[in-house]
Amino acid sequence: AAGERGFSSAGASGDRSRETITTVAVVTVVVAVGLLIRSAARNSKAKGFYRQGEDYAAQGRWDLAADAFAEAAKINPKYRDVKSKLAYAREQAEKMLIALGDEAREKEKLEDALHYYQKALKYQPDSVLARARLEDLGRQMVAVYYRRGQVYETQNRWEEALREYE
């Protein structure tokens, strides 16, 4: 009877070990499947932004392309060649926005030019050209507002003159 009990307890212990191993295996598989699903969802979302970036780039809308590639890179920095696409789109966005700023400035739409130059710096914060354009524009704007203020003064329109000087 003692031998049977020993065998019986060894068998029960073996069954528990197999159950534990089976449970660990099932949990491991479930976790792995969950990670795969999460990774696939992340890649799918990155793919959507990546394609959007490519579409905007094809249209020459470089600021929007850079924004889309930035979202894709945020979701999955290792997705395809997203980092190089993002860098290129940022360079092109800077050029595009500086050109738009120059056009606005030629048309004497100084506030618009200011907006475009500032936006260029969003995509290329170290842009020497965008900073130079902003500096020049700042001097031009000061001169324009000063002249407007003087005109208002000669017309005794003091409140408008004050606004221009501010």
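A pairwise comparison of heavy atoms in V82 and P77 identifies CG1-O, 3.8 Å as the closest pair. Closest approach of N76 to A46, counting heavy atoms only: CB-CB, 4.0 Å. Between Q52 and A68, the shortest heavy-atom distance links the atoms OE1-CB, 3.9 Å. The shortest heavy-atom contact between L86 and A66 is CD1-O, 3.3 Å.
M141 and L162 are members of different hydrophobic clusters when ILVMFWY side chains are connected at heavy-atom separations under 4.5 Å.
The number of heavy-atom neighbours closer than 6.0 Å to CZ of R157, taken from other residues, nucleotides and ligands shown, is above 12. In this structure, Q155 places its CD atom where more than 12 heavy-atom neighbours from other residues, nucleotides or ligands lie under 6.0 Å away.
The existence of a salt bridge linking E71 and K74 is confirmed by a sub-4.0 Å separation between a basic side-chain nitrogen and an acidic carboxylate oxygen. Taking the charged nitrogens against the carboxylate oxygens, D136 and R133 have no contact shorter than 4.0 Å, which rules out a salt bridge.
Atom CD in Q118 sits 8.0 Å away from atom CG in L121 (nearest 0.5 Å). Of the inter-residue distances, the one linking Y117 atom OH with L137 atom CG reads 6.5 Å to the nearest 0.5 angstrom. If you take CD on Q92 and CD on Q124, they are separated by 10.0 Å, rounding to the nearest 0.5 Å.
The list of ring-ring contact (aromatic ring centres under 6.0 Å, His included) pairs with a residue in residues 52-77, not counting sequence neighbours, reads Y50-F69, W62-Y88.
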N/O donor to acceptor pairs below 3.5 angstrom from side-chain atoms of residues 103-116, sequence neighbours left out:
unit_1	atom_1	unit_2	atom_2	d
R105	NE	Q140	OE1	2.7
R105	NH2	Q140	OE1	3.2
E111	OE2	Y145	OH	2.2

Under 3.5 Å, sequence neighbours excluded: what are the donor-acceptor pairs made by side chains of residues 93-101?
unit_1	atom_1	unit_2	atom_2	d
E94	OE2	S127	OG	2.3

